[in-house]
> 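Following this message is one structure expressed as structure tokens.
Predicted model only: the values in this text are computed from it and were never measured. Note on naming: letters A, B, ... go to the chains in the order of the sequence lines (proteins, then strands), and numbering restarts at 1 for each one.
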Amino acid sequence: MYILAAFILLIVMAFALIRAFKGPTLYDRILAVNTFGTKTVLLIAVMNFLAGRQDFLDIAIVYALINFISVIGILRFFEYSTKLPLDEDL
Amino acid sequence: MTAIAITRMGDLFAVVMLSGIYSLLSAALFLVLDAPDVAFTEASVGAGISTLLFLATLKLVPRYDKKSRYKPGLALGVVVATGALLIYGTLDMPHFGKVDAPVHEHVAPRYLNDSLEEIGVPNFVTSVLASYRGFDTLGEVVVVFTAGIGVMSLLRISRQAKKDAKAKTPPDMQQQVILRVVAKIMIPLILIFALYVQFHGDYSPGGGFQAGVIFAAGIILYTMLFGLSTAQKVFKHKVLEILTAFGVFLYAGVGFVCLFMGGNFLDYDVLRHDPVHGQHLGILLIELGVGITVASVMILIFFKFTWRTVKHKYNQ
Amino acid sequence: MEMLLDILSWILLASGSFFCLTGAVGLLRFPDFFTRIHATGITDTMGAGLILIGLMLQASNWIVFVKLVIILLFSLLAAATACHAIAKAALKSGLKPRTKDNREIEPEEQPSKP
Amino acid sequence: MNVLGLYNYWIVVILMLIGFYIVIAHENLVKKLVGLAIFQTSVFFLYISIGKITGATAPIFDEKWQLYSNPLPHVLILTAIVVGIATTALGLSLVVRIQEAYGSIEENDIQIQDTQDQLECQLEAYGIQESLTTFDQDIDE
């Protein structure tokens, strides 16, 4: 059961990754990064039970915190940069 | 996994974000490879601090990459040749996950078998880090300290410019009410969690390095949401500089105290009557030193970068 | 009792995974930014909550349980706030939601709910 | 089977090469630093994967487990990561200073400016009062 959940989470992460690669606007990328981060937290929590060790949950907590901080950081640094065109020329 | 590494995009912002994802992924991989301590560090350092530093730099430099004038053929050739050589070199390496690989036969069994009696710390990584290889770790802390000094001297700002910028600093993100309220709830929790990581590092993944980084991340969040000048009221520049040096001093000082009490440098057995208690005390103290240094260096570096940003805005 | 808990937690895990999956499909397939954030923002919270509660039922000792509760609280707070902040920043930067009148991107598709 | 057991090294090599490629093929200094970070991570992976033992668990004492992975690489890499971020920060601050001094972070532009300065100095030393505009045009082509 854990394996199924972990597998689905991996698929979800792959989807988020594709969106982060494609992302027509920058905000799509930020959203993808955020989604990716929350899914990593869940994946680690599941992996914790999969591996049978109970020590890994600290890492999941750190992920949740760091993910939040980095999303806020990206937003803050992007918001105050000069007016840029929305669509990236890739 | 490797697909992530294709960070060859024109927009540097996108590159930085992808590198953030990349380090999250690599941290997950470290976890799979049984290295929770490393995963811990990579998650907090790679995904948190380094992404933020890259972003702070991007505010100061042009955002877009110029197209290269040269054809990448030569570079590709060099890379492929190196790769072929390296892969040829791996053919002699021991297989992945083998128990009898040469790495596992020299010092590692000693660490794994004896550290519980000698040091009494369940987390082997902490015992190796802080006790068996304490001198090594002291060197690493000094490197971090030196890098902090380097950044400080490179990004020095004159006092006059500081005053000018202070007068003009706009309140950052004042309009994001929800964000600020949530951050007010989160930041104390982050700091408490950092302390937990610091002092619980003997029993679970964690320790000075990770705790320092998490603590710094909490402060950085505060700085980002409430403005630099507010944050600097709490964390005075001078105090931080002193703390940076104090961490290294504490670490080395414990070593010298051991010397004076008749042991070797960083040999904590002599700190108390019972060697295990002495080890506990020594590890606790030097982890504290590491934590203080790392946290204050990270906060200082971030402050420096943010000051540059403010100054940059002011100059425009 | 043990059996009941197992079944319950499996159900929770499965449904949580399902929610995550739908959110990801939405993230990948929806036509513009605001529909995407709508898709992920809601399912993320739901899926994360369900999976974490499912894991909580399997927790062997109380410290694991408490840590899971902490993660749940953090993710409830952080995910929703981050989504809000992203959406607000996007709106402020001039990204328009796609409505019936405003569909410059892929105009042949039916717009979904803004 | 014999060769496939080495797949962890191959992943490391591939990552390392991607990092290496970014470092040598791109002229943007920030991107070079990202490449350097990827290169670094590949080395981390090398160490950690060497330390892994199949069927073992994380090196934290637990009654239920007998076999632990090797803690030594973990220690080395743990400190290396923190040192890595410190050096990256140093590199980034150098980039910031370069941007302020040259107005650009592309290697090419910096090199052009450097050669120009050098030539100006040499010309002055020879006492030649020649304008450098023609030279500028040459370089732009």
> Name the region of C:Ile86, side chain, backbone, both or neither, that has any atom closer than 4.5 Å to a heavy atom of chain A.
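Both backbone and side chain.
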> Name the region of C:Ala87, side chain, backbone, both or neither, that has any atom closer than 4.5 Å to a heavy atom of chain A.
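Nothing of C:Ala87, per the 4.5 Å heavy-atom cut-off to chain A.
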> What distance separates C:Leu55 CG from C:Ile71 CD1, expressed to the nearest 0.5 Å?
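Taking CG in C:Leu55 and CD1 in C:Ile71, the distance rounds to 9.0 Å.
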> Just so I understand: if I count every heavy-atom pair under 4.5 Å between each of A:Ile8, A:Asn67, A:Leu4 and chain C, which residue has the most?
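The answer is A:Ile8.
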> If I measure from the heavy atoms of chain C, does A:Thr38 come under 4.5 Å with its side chain, its backbone, both, or neither?
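It is the side chain, since no backbone atom gets that close.
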> How long is the span from the CG atom in C:Asp6 to the CG atom in C:Leu13, to the nearest 0.5 Å?
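CG of C:Leu13 is found 10.5 Å from CG of C:Asp6.
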> For residues A:Phe49 and C:Val64, determine if any side-chain heavy atom of one lies less than 4.5 Å from a side-chain heavy atom of the other.
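The answer is yes, as the side chains (C-beta and beyond) meet within the 4.5 Å cut-off.
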> Distance check, rounded to the nearest 0.5 Å: C:Ser17 atom OG versus C:Leu50 atom CG?
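CG of C:Leu50 is found 9.0 Å from OG of C:Ser17.
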> Chain C heavy atoms under 4.5 Å from A:Leu31: which part of the residue, side chain, backbone, both or neither?
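Both parts, heavy atoms under 4.5 Å.
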> How long is the straight-line distance from CG of C:Leu28 back to CZ of A:Phe15, given to the nearest 0.5 Å?
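A:Phe15 atom CZ to C:Leu28 atom CG measures 6.0 Å (nearest 0.5 Å).
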> Would you name the heavy atoms of C:Cys20 and A:Lys39 that are closest together and state the gap between them?
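Smallest interatomic distance, heavy atoms only, reads SG-CE, 3.2 Å.
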> Which answer fits A:Leu9, side chain, backbone, both or neither, if we ask what part of it has an atom under 4.5 Å from a heavy atom of chain C?
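Contact with chain C is through the side chain of A:Leu9 alone.
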> Would you mind checking which part of C:Ile51 comes under 4.5 Å of any heavy atom in chain A, side chain (CB onward), backbone (N, CA, C, O), both or neither?
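Just the side chain, heavy atoms under 4.5 Å.
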> Counting only heavy atoms closer than 4.5 Å, note whether C:Thr40 contacts chain A via side chain, backbone, both or neither.
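The side chain, not the backbone.
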> Between A:Val71, A:Ile69, A:Ile61, which has the largest tally of heavy atom pairs under 4.5 Å with chain C?
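Going by pairs under 4.5 Å, I would pick A:Ile61.
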> Output the distance between atom CG (A:Leu43) and atom CZ (A:Phe36), rounded to the nearest 0.5 Å.
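Atom-to-atom, A:Leu43:CG and A:Phe36:CZ are 9.0 Å apart.
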> Please classify the contact between A:Val41 and chain C as side chain, backbone, both or neither, with a heavy-atom cut-off of under 4.5 Å.
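Only the side chain of A:Val41 comes within 4.5 Å of chain C.
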> Check each atom of A:Leu65 against the heavy atoms of chain C and say whether the ones under 4.5 Å are side chain, backbone, both or neither.
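Just the side chain, heavy atoms under 4.5 Å.
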> For a 4.5 angstrom cut-off between non-hydrogen side-chain atoms, does C:Met56 reach C:Leu72?
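Heavy-atom side-chain distance check passes, below 4.5 Å.
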